[in-house]
Structure formats: structure tokens, C-alpha cells
Amino acid sequence: MKFIRVLFLFSFLVQGAFGQAPGKYVMVIHGGAGTILKSSMTPEREKAYRDELTKALQAGYKLLKAGKPSLDAVEAAIRVMEDSPLFNAGKGAVFTNEGRNELDAAIMDGKSLAAGSVAGVTTIRNPISSARAVMEKSEHVMMVGAGAEKFAKEAGLEIVDPKYFWTEDRWKGLLKARRDDSVKNLQNKKGGLLGTGNHDYKFGTVGAVALDKNGNLAAGTSTGGMTNKKFGRVGDAPIIGAGTYANKLVGISCTGWGEFFIRNVVAHDVAALMEYKGLSVKDAANELIMKKVPNLGGDGGLIALDKDGNVAMPFNTAGMYRGTVTRDGKIEVLIYKD
Ligand code: ASP
């Protein structure tokens, strides 16, 4: 009897703010996958990324700890990264072939399967919030271009001049991509889905998945897409089931060469493998990122968090900006394959 009482007391003590076993995760974020090598990173730049990812995790965790819904945490974390020029979302978005910034974003509530997304928007400061407005304030799931912008304005969201998204780094990235592409085009007339293999020009898409105190999951993704993308191109991020998905079992946000994530319906496939085949979140995520996506010729990574607080963050690129927070607030940020 005494033993049972001690056991009870122990389990009470180790139960933290979220009432589950210790060490479990309540939030995972990513800041994009790609050719991210330690050799090409300065200590200052690395620190800047680590700081910003930590800030995003803190913003989400603060809300979760206060008992707010996972949707709030996802939106808050993504807004931090959208406002940072370091990531390919919001302020740091990459340029299209025509020299514009066309943004995509999506958010999904695991409990109700409600979802909202925007694509090809050029004036909304925080596309993740406009995706949420589409979900909560319209009868639609997806809105694009000028219509999505008009709706965001009516919803009271901040509208900016398209110049707001201009950053020197991304502009130089476009010039380089255009140069490389024209050289490659000369060498290889075959071309590909996006011209000629310009899939190296993606990195920095952001995403978050959170689990709240009520056990509800939410996922969101926001991106500028791929450098030098053609006019009107939409990637996987705003397509529910491709780059973003959440249900009662798991939430997923993807990053990588979007066309391959759309063709593999990656985010939903992870959830389906778990639901129909009983795979763990790690096995399901690996199946997509280590097999299905590369088998078609694509690359990238994803983050996933299941209802029990287990996390998976596989990627088949050199690196992926990513971070987690446990239910007792322990933050970890990773960049390379370590
Ligand atoms: N998946 C994004 C897209 O294709 C790009 C990325 O994640 O870097 O639009």
C-alpha cells in the first residue's frame, strides 16, 4: 500500500504542466531543409539562426503553457519566423523568376480537420495569419492571389507594400539562380519541372506542429516557395495533405522540393501510414522522406508530432533548421546531421 502511495506521489511529481510522461514534446518547428553545411556557415550566422528558432519555440511554448490551443502556438511560432529575414517565409521570402515575392501558407486544426490556406500572395505581412483567417472566417479552405489579399485586408490583417519583402540576400540568390539556370539550360536542353534542376534554390521554409494541454494537435507551414519559380507556381506548403496536415493522431509540416511533396501527398501519407498501418510517427515519416520522396527524385524533410508527444524530424538533405520543446520547456535547436 505504502509502495503504491509512493508510486502515486512520484508520478504526480513528474507530471509537469502538460499532465503526460516527462520528456515528451509539445512543439516542433522547422526553418527549412536544403544544402545547409557547417562549412559554409559563419558562427555569427549560425547563432542568428539558433536565436531565431529559439525565439519561435518560446513564443509557441508560452501559449501552450498558458493552456492556449495548439493553433495559437503554431501561428505565433510561424509569425516569429515570417518576420525574420533569415527564413524563406514572410520577410525573407525568395524571389520568383520575375523578381516578385509570392507567398504560400497553410494551417490545420487536428481536432476538427478545419484548414485554411493562401497561395501566391504578395502583400500580406503574415501569410500564416491569413491562412488562419480563411479557416476561421470564411466557408473556404484555400484562397489565392488578389482575392486572398482582399480577404486578409477585410479580416483586419496587416497589408504591406510588396517592397517590404525585398532582402538583398534573396535578390542575390535570384540573380545567381538565373545565371546558373541559363548556363544549365545551354548545357542541358532537356529541362525539368522547374526548368533545369534548380531544386538547390530552396531552403528556409518554416513550419510548426504543436500539441496543447487538451491533447489537440495543429500544424502550419509558410514559405516563399523556390527561388526562380515560374509565374503562378504554387508549392506543397499551402496544399492540405501535401505540405501541411493535422488530425487527431499527428500533425505534419514539410519542407523541400514542393513538386515531389505534392505528387507523394506526403503529409497525409504520413498520417495514413500511422492510421491504417499502425506505424509509429518515426517509421511513417522515414518512409516518406527516406524512400518515397527520394525514389521519385525529390528531396527535403518534414517535422511530425503525434498525440502522445513523440516527434520525428527526418530530412534527406545536408541539413534542416529545426527545434523542439518538451512539455517542461526544454528547448533544443539543431541544424546539421547531428
Ligand atoms: N516546399 C517549398 C516549396 O516547394 C520550398 C521549401 O520547403 O523550401 O514551395
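Since the model is a prediction, treat every value here as computed from it, not as a measurement. Remember, it's 1-based here, ligands and their atoms both numbered in the order they're listed. The first residue in the sequence is number 1, and the count goes up from there.
- Below 4.0 Å from some heavy atom of Asp236 lie the following atoms of ligand 1, by number and element: 1 (N), 2 (C), 3 (C), 4 (O).
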Chi angles and distances behind the salt bridge (charged side-chain N to carboxylate O under 4.0 Å, His left out) call for Glu259, Arg233: CA-CA 10 Å; Glu259 279 67 15; Arg233 180 263 188 188; 2.8 Å; yes
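- Applying the 4.0 Å criterion to heavy atoms of Gly225 picks out, from ligand 1, the atoms 5 (C), 9 (O).
- Among Thr205, Leu53, Asn88, the one residue that satisfies the side-chain contact (heavy atoms from CB on, under 4.5 Å) test with Met81 is Leu53.
- Those atoms of ligand 1 that come under 4.0 Å of a heavy atom in Met226, given as number and element, are 4 (O).
- Ion pairing of Lys55 with Asp51 is absent here, as no side-chain N (NZ or NE/NH1/NH2) approaches a carboxylate O to less than 4.0 Å.
- Among the atoms of Ala33, none of the N or O lies under 3.5 angstrom from an N or O of ligand 1.
- Residue nearest to atom 4 (O) of ligand 1, selected from Lys229, His30, Arg233, Glu259: Arg233 (by heavy-atom distance).
- Side-chain heavy atoms closer than 4.5 Å link hydrophobic residues (I, L, V, M, F, W, Y) into clusters, and following such links, possibly through other members, connects Leu86 to Ile36.
- Taking 4.0 Å as the cut-off, Gly256 counts as a neighbour of ligand 1 on heavy-atom distance.
- With Asn126 as the partner, the side-chain hydrogen bond (donor to acceptor under 3.5 Å, both in side chains) test is satisfied by one option alone out of Arg79, Arg132, Lys91, Glu75: Arg79.
- Taking the charged nitrogens against the carboxylate oxygens, Glu46 and Arg50 do have a contact shorter than 4.0 Å, which makes a salt bridge.
- Every atom of ligand 1 is numbered from 1 in the order shown, and the set under 4.0 Å from a heavy atom of Thr255 is 6 (C), 7 (O), 8 (O).
- When Val266, Thr205, Thr223 are checked for heavy-atom proximity to atom 8 (O) of ligand 1, Thr205 turns out nearest.
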